[in-house]
Amino acid sequence: DAKTTQPTSMDCAEGRAANLPCNHSTISGNEYVYWYRQIHSQGPQYIIHGLKNNETNEMASLIITEDRKSSTLILPHATLRDTAVYYCIVRVARRGGKLIFGQGTELSVKP
Amino acid sequence: NAGVTQTPKFRILKIGQSMTLQCTQDMNHNYMYWYRQDPGMGLKLIYYSVGAGITDKGEVPNGYNVSRSTTEDFPLRLELAAPSQTSVYFCASSLTGDSEAFFGQGTRLTVV
């Protein structure tokens with residue numbers, strides 16, 4: 001399973017865009033990039049996922065580089081409620097769809 | 001839909017006792033997963049299942065057992081509880097191996 005590397009922590013001002021990077025240089029062609037977040041030790045919450053193309057939904061945007069070795073999660077207008085640990089995960093559907101979590105990035109949104 | 005439901009929410013066990021953590025989902029999902037999360041750490045996969053009657057080991061299976069007799073239920077069994085099993089346990093499910101996974105709210109287990 002491909003590994004991911006994320007910064008341990010980041011700060012963001014409320015109302016500004018939060019850009020969370022993730023490196024996955026060993027990703028294979030059939031592996032998806034998933035983002036989850038965990039607030040206050042609750043169950044992780046799905047944010048977005050993608051394979052090759054950039055993706056956008058009501059929560060966030062996902063930008064994947066052309067070589068697929070890295071990606072960025074963008075929260076366009078961060079609020080205090082976006083303070084959480086964000087996990088970037090590489091997932092393979094045919095191998096049980098296992099989500100293997102790393103340490104994640106602790107995002108603090110400040111007023 | 002209730003989603004993924006875990007019971008109990010909290011439990012204290014004595015060393016050597018056994019217990020079963022219950023997980024049920026009402027979304028007719030094929031894939032189910034058990035994770036544990038130690039303080040300040042990411043989630044570790046214990047066991048997973050891609051359908052009724054099929055289970056497989058994850059990253060940290062030692063000391064645990066699972067079964068999947070129905071699509072809805074995926075119980076996790078601890079036979080001889082040890083202090084190292086003190087953790088928060090999360091169950092999750094997804095329809096396929098590449099669809100959104102939904103997580104339960106967790107079971108906080110303390111072994112003393």
Side-chain angles (χ1 to χ4, degrees), chain A residues 1-9 20 22 24 27-53 55 57-60 62 64 84-107, chain B residues 2-7 9-10 21 23 25 27 29-51 54-61 66 68 74 86-109:
Chain A
D1 296 324
K3 300 293 185 191
T4 62
T5 305
Q6 300 176 253
T8 303
S9 63
L20 290 86
C22 179
H24 32 79
I27 194 169
S28 299
N30 60 351
E31 292 180 318
Y32 287 76
V33 178
Y34 278 74
W35 284 84
Y36 279 77
R37 72 180 182 184
Q38 189 175 28
I39 300 173
H40 294 311
S41 297
Q42 297 175 14
Q45 176 190 22
Y46 167 83
I47 302 173
I48 198 167
H49 75 281
L51 183 62
K52 297 180 187 177
N53 302 319
E55 302 287 344
N57 62 20
E58 65 277 4
M59 287 184 68
L62 173 61
I64 303 174
V85 178
Y86 287 77
Y87 295 99
C88 169
I89 301 163
V90 172
R91 187 184 191 192
V92 181
R94 63 176 174 79
R95 288 208 291 270
K98 296 176 290 183
L99 290 161
I100 304 298
F101 287 77
Q103 288 296 99
T105 296
E106 188 167 3
L107 176 69
Chain B
V4 179
T5 303
Q6 293 184 236
T7 56
K9 288 186 170 51
F10 303 92
L21 283 68
C23 175
Q25 51 90 10
M27 298 173 282
H29 284 175
N30 295 313
Y31 292 66
M32 296 188 74
Y33 310 87
W34 271 108
Y35 291 88
R36 60 174 286 173
Q37 185 174 34
D38 298 333
M41 306 295 286
L43 283 75
K44 294 292 186 185
L45 180 65
I46 305 172
Y47 271 95
Y48 67 101
S49 169
V50 300
I54 306 168
T55 62
D56 211 342
K57 296 178 181 179
E59 303 170 275
V60 290
V66 293
R68 185 91 183 273
F74 191 39
T86 293
S87 192
V88 181
Y89 291 82
F90 290 102
C91 179
S93 74
S94 63
L95 181 62
T96 66
D98 59 2
S99 59
E100 177 184 353
F102 295 83
F103 283 78
Q105 286 306 299
T107 294
R108 189 175 298 274
L109 175 68

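Residue numbers start from 1 in every chain, and the chains themselves are labelled A, B, ... in the order their sequence lines are given, proteins ahead of strands. The figures that follow rest on heavy atoms only: side chains count, while hydrogens, waters and symmetry mates do not.
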Evaluate the side-chain proximity of [Y] to [X]: yes if any heavy-atom separation is below 4.5 Å, no if none is.
| X | Y | result |
| --- | --- | --- |
| L99(A) | L45(B) | no |
| K98(A) | D56(B) | no |
| L43(B) | P44(A) | yes |

Minimum heavy-atom separation for G96(A) to V50(B), with atom names?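 Heavy-atom minimum between the residues: CA-CG1, 3.7 Å.
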
Under 4.5 Å from a heavy atom of chain A, the part of [X] involved:
| X | answer |
| --- | --- |
| Y35(B) | side chain |
| T96(B) | backbone |
| E59(B) | side chain |
| S49(B) | neither |

Distance check, rounded to the nearest 0.5 Å: E100(B) atom CD versus I48(A) atom CD1? 11.5 Å

Looking at Q103(A), Q38(A), R91(A), which has the largest count of heavy-atom pairs under 4.5 Å with chain B? R91(A)

Go through Y34(A), Y32(A), Y87(A), Y46(A) and name the one with the most non-hydrogen pairs under 4.5 angstrom from chain B. Y46(A)

Tell me if a side-chain donor or acceptor on Y33(B) pairs with a main-chain N or O of G97(A) at a distance below 3.5 Å. yes

Residue selection (most heavy-atom pairs with chain A, distance under 4.5 Å) from S99(B), S94(B), G106(B), A92(B): S99(B)

